[in-house]
Q: 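Structure provided below as structure tokens; questions to follow.
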Amino acid sequence: MNKFALVLICAALSLTSCKKDCEAPALAENILGSWTVSWETNSVEFKSNGTLIDPNDALIGGEINGTVLDEKTYSVIGSDSLYLRAENGAQFIETTLPISGNECDVITVSILGISGTLNRE
């Protein structure tokens, strides 16, 4: 009876201690959805049609001659870059962020050589 109990306990511990590792899909697929920006504590959303919802300008935004650049888009370049654009009419700004890490729930970006993270909500 003691051996049986020991086997049951060991089996239960091994089943509960196993953690499935997540293998992140390609960046273009993984980035879809809502993320918290670590250096701003604001949320952004990447939509499948290339629209970027970034109401607090956590990743990109600005104003040129009084024109607010509130139409935001993104595209993934290969597996290591994120292109961002904010525009309104003919006015626009754009930037490309290097991606140094693509994990299931964390994407690591570099802004002016400083690393930050996007954390899945």
Q: Disulfide bond (SG atoms under 2.5 Å apart): which pairs involve residues 35-97, sequence neighbours left out?
A: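 Every pair satisfying disulfide bond (SG atoms under 2.5 Å apart) with a residue in residues 35-97: there are none.
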
Q: Could you measure the distance from the CG atom of Asp105 to the CD atom of Glu121? Nearest 0.5 Å is fine.
A: 11.5 Å

Q: Hey, is the main chain of Thr51 close enough, under 3.5 Å, to the side chain of Lys72 for a donor-acceptor pair?
A: no

Q: When hydrophobic residues are tied together by side-chain contacts of less than 4.5 Å, even through go-betweens, does Leu32 share a cluster with Ile107?
A: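 They do share one cluster, since a chain of ILVMFWY contacts under 4.5 Å joins Leu32 to Ile107.
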
Q: May I have all residue pairs that pass disulfide bond (SG atoms under 2.5 Å apart) and include part of residues 40-80, sequence neighbours excluded?
A: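 Not a single pair qualifies under disulfide bond (SG atoms under 2.5 Å apart).
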
Q: Which heavy atom of Asn102 sits nearest to which heavy atom of Leu27, and what is that distance?
A: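 Reported closest heavy-atom pair: ND2-N, 3.4 Å.
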
Q: Is there a side chain to side chain contact (heavy atoms under 4.5 Å, CB included) between Val44 and Leu52 once you walk through the steps?
A: CA-CA 7 Å; Val44 297; Leu52 171 62; 4.3 Å; yes

Q: Please test Ile64 against Leu69 for side chain to side chain contact (heavy atoms under 4.5 Å, CB included), starting from the C-alpha separation and ending with a verdict.
A: CA-CA 8 Å; Ile64 299 176; Leu69 308 176; 3.9 Å; yes

Q: Quick test of your reading: applying disulfide bond (SG atoms under 2.5 Å apart), list the pairs with at least one residue in residues 33-98, sequence neighbours left out, ordered by first then second residue.
A: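 Checked against disulfide bond (SG atoms under 2.5 Å apart) - neighbours excluded - no pair reaches residues 33-98.
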
Q: Answer whether the closest heavy-atom distance between the side chains of Leu97 and Leu84 falls below 4.5 Å.
A: yes

Q: Under the disulfide bond (SG atoms under 2.5 Å apart) definition, can you give me all pairs with a residue in residues 29-121, not counting sequence neighbours?
A: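 The answer is Cys22-Cys104.
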
Q: Would you mind listing every salt bridge (Lys or Arg N to Asp or Glu O under 4.0 Å) that reaches into residues 75-104, with sequence neighbours excluded?
A: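 Listed by first then second residue: Arg85-Glu87, Arg85-Glu94.
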
Q: If you link ILVMFWY side chains whenever their heavy atoms are less than 4.5 Å apart, which other residues fall into the same cluster as Val68? By chain and number, please.
A: none

Q: What are the two closest heavy atoms between Leu118 and Trp39, and how far apart are they?
A: CD2-CH2, 4.4 Å

Q: Decide yes or no for Leu59 and Val37: does some side-chain heavy atom of the first lie under 4.5 Å from some side-chain heavy atom of the second?
A: yes

Q: Who pairs with Asp54 by salt bridge (charged side-chain N to carboxylate O under 4.0 Å, His left out), at least two apart in sequence or on another chain?
A: none

Q: Transitive ILVMFWY cluster of Ile53 at side-chain heavy atoms under 4.5 Å: who else is in it?
A: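 In the cluster with Ile53 there is nothing else; it is isolated.
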
Q: Can you find a heavy atom in the side chain of Tyr74 that is under 4.5 Å from one in the side chain of Phe46?
A: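 Answer yes - side chains close enough.
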
Q: Quick check: do Ser38 and Asn119 have side-chain heavy atoms less than 4.5 Å from each other?
A: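 Yes, close enough: below the 4.5 Å cut-off.
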
Q: Output all residues satisfying side chain to side chain donor-acceptor pair (under 3.5 Å) with Thr96, sequence neighbours left out; order by chain, then residue number.
A: none

Q: If you round to the nearest 0.5 Å, how far is OG1 of Thr73 from CZ of Phe92?
A: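 Reported value, rounded in 0.5 Å steps: 11.0 Å.
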
Q: Side-chain contact test, heavy atoms from C-beta onward, threshold under 4.5 Å: evaluate it for Arg120 versus Val106 and give yes or no.
A: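 The answer is no; the side chains never approach within 4.5 Å.
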
Q: Could you pull out the closest heavy-atom pair between Ala24 and Asn30, with the gap in Å?
A: CB-ND2, 4.2 Å

Q: Any side-chain heavy atom of Leu82 sitting closer than 4.5 Å to one from Thr95?
A: no

Q: Can you hop from Val109 to Ile93 via hydrophobic side chains spaced under 4.5 Å?
A: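 Yes; Ile93 is reachable from Val109 via cluster members.
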
Q: Can you pull the ring-ring contact (aromatic ring centres under 6.0 Å, His included) pairs that have at least one residue in residues 101-121, sequence neighbours excluded?
A: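 Residue pairs passing ring-ring contact (aromatic ring centres under 6.0 Å, His included), neighbours aside: none found.
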
Q: Step by step, work out the side chain to side chain contact (heavy atoms under 4.5 Å, CB included) result for Val76 and Ile31.
A: CA-CA 9 Å; Val76 174; Ile31 202 162; 4.3 Å; yes

Q: My understanding is that only residues two or more places apart in sequence, or in another chain, count here; which of them pass side chain to side chain donor-acceptor pair (under 3.5 Å) with Ser110?
A: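 Scan of Ser110 (side chain to side chain donor-acceptor pair (under 3.5 Å), adjacent residues dropped) gives none.
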
Q: Restricting to pairs with a member in residues 26-40, which pass salt bridge (Lys or Arg N to Asp or Glu O under 4.0 Å), not counting sequence neighbours?
A: none

Q: On a heavy-atom basis, which atom in Ile60 and which in Ala86 lie closest, and how many Å separate them?
A: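 The pair with the smallest heavy-atom distance is CD1-N, 3.9 Å.
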
